[in-house]
Amino acid sequence: MDSFAIERVREFGAQIAIVLGSGLNSLVRDPAPKRIIPYREIGGLPGSAVKGHHSRFVLDEMSGTRIVFAQGRAHLYEGYSAPDVTAGVRFLARAGIKKLVLTNAAGSVNPDFAPGSWMMITDHLNLTGTTPLLGKRDFVDLTDAYSPGWRGRFAEAARAKGLKLHEGVYAGVLGPQYETPAEVRMLRLLGADAIGMSTVCETIQARALGLEVAAFSCLTNWAAGLNPGPLSHREVLAAGEASGAEFMRLFGAAL
Ligand code: HPA
């Protein structure tokens, strides 16, 4: 991994990083070139070829706090391995990041969680069939994978700002196809509130490195079968863009 890039982030001095998922990339606008580190400049970090995902770190500030924005992520469904899709998390840990915020787009399976709203992840179901710790004998405790302390702070910030913030369980699946209605019914029975194709491997890697994690799903659609129409990636991106600003208000308030 590129030690020059690690040093650049270290010198910036941020403790918090946020991974921006589908549709949320537009929240970082036109940064100065000196604040940008493209993933391709860092050995071992795959970019994403999926529309709506940039592939770069941006060093910036929010509410007076230094933040590393990770614009875009690689996904298992693109053919990358679990160690590949978590290389960015290892990079950030080496660069001095202590707290990681993960965002994603997800389909809602909870009838009370309508598309357009946000869900703070309280726990996950890793249904990807893999883990970044494969082969490591690293028996990481995931009891409080999503920091209870930080969750409390976000819930408080949401209340103070009058923003709706659901809380629930995220089922991480492999993709890239969306689920069948039968799979959606199964996932609901298993205890899922939202379904998505990222985040779980990053959380596992972050916890293994001792980072504190908070994660949020932008509920972009009803999962398959809960709505009459078919699902489209374009719709998911558009819904992400529409709700992104609201999340940034929440994030700013929680800082
Ligand atoms: N299923 C899985 N992943 C998703 C969905 C979905 O319905 N929406 C956005 N990402």
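All ligand and atom numbering here is 1-based and tracks the order in the structure. Values below: every heavy atom of this structure, side chains too, minus hydrogens, waters and symmetry copies.
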Report task. Ignoring hydrogens and angles, tell me if any N or O in the side chain of Ser81 forms a donor-acceptor pair with the backbone of Asp84 under 3.5 Å. Result ->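 Indeed, once roles are kept as given, a pair shorter than 3.5 Å links the two residues.
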
- Message: For the residue pair Lys164 and Trp118, would you count it as a cation-pi contact if the rule is NZ or CZ under 6.0 angstrom from the ring centre and within 45 degrees of the ring axis?
- Response: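 Geometry flag: not set, cation outside 6.0 Å or 45°.
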
For ligand 1, would you mind listing the residues that have at least one heavy atom less than 4.0 Å away, ordered by chain and number?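 Protein residues near ligand 1 are Ala105, Ala106, Gly107, Tyr178, Glu179, Ile195, Gly196, Met197, Thr220, Asn221, Leu231, Val236.
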
Should the pair Tyr146 and His124 be assigned to parallel (<30°), tilted (30 to 60°) or perpendicular (>60°) ring geometry?
->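 Rings of Tyr146 and His124: perpendicular, over 60°.
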
Distance check, rounded to the nearest 0.5 Å: Phe57 atom CZ versus Leu45 atom CG?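 Taking CZ in Phe57 and CG in Leu45, the distance rounds to 5.5 Å.
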
Does the side chain of Thr86 come under 3.5 Å of the side chain of Arg90 through a donor N or O and an acceptor N or O?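 Side chains of Thr86 and Arg90: pair found under 3.5 Å.
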
| task | Indicate yes or no: does Arg188 engage Asp193 in a salt bridge with an N to O separation below 4.0 Å. | result |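 Yes.
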
